[in-house]
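See structure below.
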Amino acid sequence: MKRVFIAVKVDAGGDLLRMLSSLKSLLAAEKIKWIDPSNIHLTLAFLGDTEEGRIKTLNTILRQKCTGFGNFEFVLAGAGVFRNYRDPRIIWTGIQSSDKLIKLNELITAGLRENGFETEERE
């Protein structure tokens with residue numbers, strides 16, 4: 001089993017890099033393992049523990065649904081943490097609604113459901 005999620009790679013632009021720099025400065029005294037900005041991503045679907053044999057099916061679905069989709073931009077909107085503020089595990093930022101991103105998510109979700117993968121019922 002492998003822990004699997006589907007995500008869009010984010011090329012961190014100026015606003016996101018400035019926000020990250022501000023957080024690092026603000027939280028400099030905390031014991032936080034900061035990731036490299038090249039690892040920043042936008043999660044579209046979290047599938048959790050997945051049998052390795054199903055990963056090939058996932059690759060096929062993603063190639064069919066995403067090929068030719070192209071690039072798009074989105075706007076940062078809000079931030080928070082996963083776990084809790086006393087013991088944060090992940091710092092996240094939200095984004096404003098994006099029609100193109102919603103369409104991509106709908107295509108991927110439909111492909112996952114058609115192939116028996118369980119998905120969350122939220123955008």
Side-chain angles (χ1 to χ4, degrees):
M1 299 280 249
K2 289 196 176 190
R3 193 169 171 91
V4 175
F5 64 96
I6 297 168
V8 173
K9 181 177 178 0
V10 173
D11 291 327
D15 289 343
L16 184 56
L17 291 174
R18 279 188 291 281
M19 183 184 85
L20 185 58
S21 177
S22 293
L23 285 170
K24 284 182 178 181
S25 178
L26 183 67
L27 300 170
E30 302 296 324
K31 293 181 180 181
I32 296 175
K33 179 183 173 191
W34 296 97
I35 64 164
D36 187 283
S38 65
N39 289 326
I40 295 173
H41 62 274
L42 176 63
T43 302
L44 297 179
F46 180 75
L47 302 175
D49 291 333
T50 304
E51 294 176 25
E52 291 191 39
R54 305 251 0 221
I55 293 174
K56 185 174 180 179
T57 302
L58 280 173
N59 284 331
T60 301
I61 293 167
L62 294 173
R63 286 185 199 283
Q64 290 172 347
K65 301 297 182 180
C66 301
T67 298
F69 200 82
N71 295 331
F72 52 92
E73 294 182 4
F74 46 85
V75 178
L76 301 179
V81 299
F82 287 132
R83 190 128 193 216
N84 62 57
Y85 285 103
R86 291 180 186 220
D87 189 19
R89 297 294 183 203
I90 296 173
I91 299 171
W92 59 264
T93 182
I95 58 170
Q96 287 182 359
S97 185
S98 162
D99 291 341
K100 195 166 185 181
L101 182 59
I102 289 170
K103 180 64 177 169
L104 176 62
N105 191 44
E106 288 171 350
L107 289 170
I108 291 171
T109 300
L112 292 172
R113 288 180 181 159
E114 290 166 5
N115 287 277
F117 289 93
E118 291 185 28
T119 62
E120 294 178 301
E121 293 291 330
R122 62 180 173 155
E123 289 187 2

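Worth saying up front: this structure is predicted, and the values here are computed from it rather than measured.
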In this structure, would [X] and [Y] fall into the same cluster of hydrophobic residues linked by side-chain contacts under 4.5 Å?
| X | Y | value |
| --- | --- | --- |
| Leu17 | Val10 | no |
| Leu42 | Val81 | yes |
| Ile95 | Leu23 | yes |
| Ile40 | Phe82 | no |
| Ile102 | Phe46 | no |

Approximate separation, where rounding is to 0.5 Å, of [X] [atom1] and [Y] [atom2]:
| X | Y | atom1 | atom2 | result |
| --- | --- | --- | --- | --- |
| Ile91 | Met19 | CD1 | CE | 8.0 Å |
| Ile108 | Leu58 | CD1 | CG | 10.5 Å |
| Asn59 | Arg54 | CG | CZ | 12.5 Å |
| Asp36 | Leu20 | CG | CG | 9.5 Å |
| Glu106 | Leu104 | CD | CG | 9.5 Å |

Next on the checklist: Against Leu44, only a single residue in Leu101, Leu62, Leu112, Thr109 fulfils side chain to side chain contact (heavy atoms under 4.5 Å, CB included); can you say which?
Outcome noted: Leu101
Next on the checklist: Pair Met1, Glu52 - check side-chain contact (heavy atoms from CB on, under 4.5 Å), show working.
Outcome noted: CA-CA 6 Å; Met1 299 280 249; Glu52 291 191 39; over 6 Å; no
Next on the checklist: Would Lys103 and Phe69 count as a cation-pi pair here, with the cationic atom under 6.0 angstrom from the ring centre and within 45° of the axis?
Outcome noted: no
Checklist entry - Going through the checks in order, is the side-chain contact (heavy atoms from CB on, under 4.5 Å) test met by Thr50 and Lys2? => result CA-CA 5 Å; Thr50 304; Lys2 289 196 176 190; 5.7 Å; no
Checklist entry - Counting N and O atoms only, with roles assigned by atom type, does the side chain of Ser25 sit under 3.5 Å from a partner on the main chain of Ser21, one being a donor and the other an acceptor? => result no
Checklist entry - Does Lys100 reach the main-chain N or O of Asn71 with its side chain, forming a donor-acceptor pair under 3.5 Å? => result yes
So do the side chains of [X] and [Y] get within less than 4.5 Å of each other, counting heavy atoms only?
| X | Y | value |
| --- | --- | --- |
| Val4 | Phe117 | no |
| Leu16 | Leu76 | yes |
| Lys24 | Trp34 | yes |

Checklist entry - Checking side-chain contact (heavy atoms from CB on, under 4.5 Å) for the pair Leu47/Phe5: CA distance, chi angles, key distance, verdict? => result CA-CA 5 Å; Leu47 302 175; Phe5 64 96; over 6 Å; no
Next on the checklist: Set out, in order, the CA-CA distance, both residues' side-chain angles and the distance that settles side-chain contact (heavy atoms from CB on, under 4.5 Å) for Phe72 and Val8, then state yes or no.
Outcome noted: CA-CA 10 Å; Phe72 52 92; Val8 173; 4.2 Å; yes
Item to check | Neighbour count >12 (heavy atoms, 6.0 Å) for atom CG, Asn39 | outcome: yes
Checklist entry - With a cut-off of 6.0 Å (strictly less than), are more than 12 heavy atoms of other residues, nucleotides or ligands near NZ of Lys9? => result yes
Item to check | Where Gly111 and Lys65 come nearest, the two heavy atoms and their spacing | outcome: CA-CE, 3.8 Å
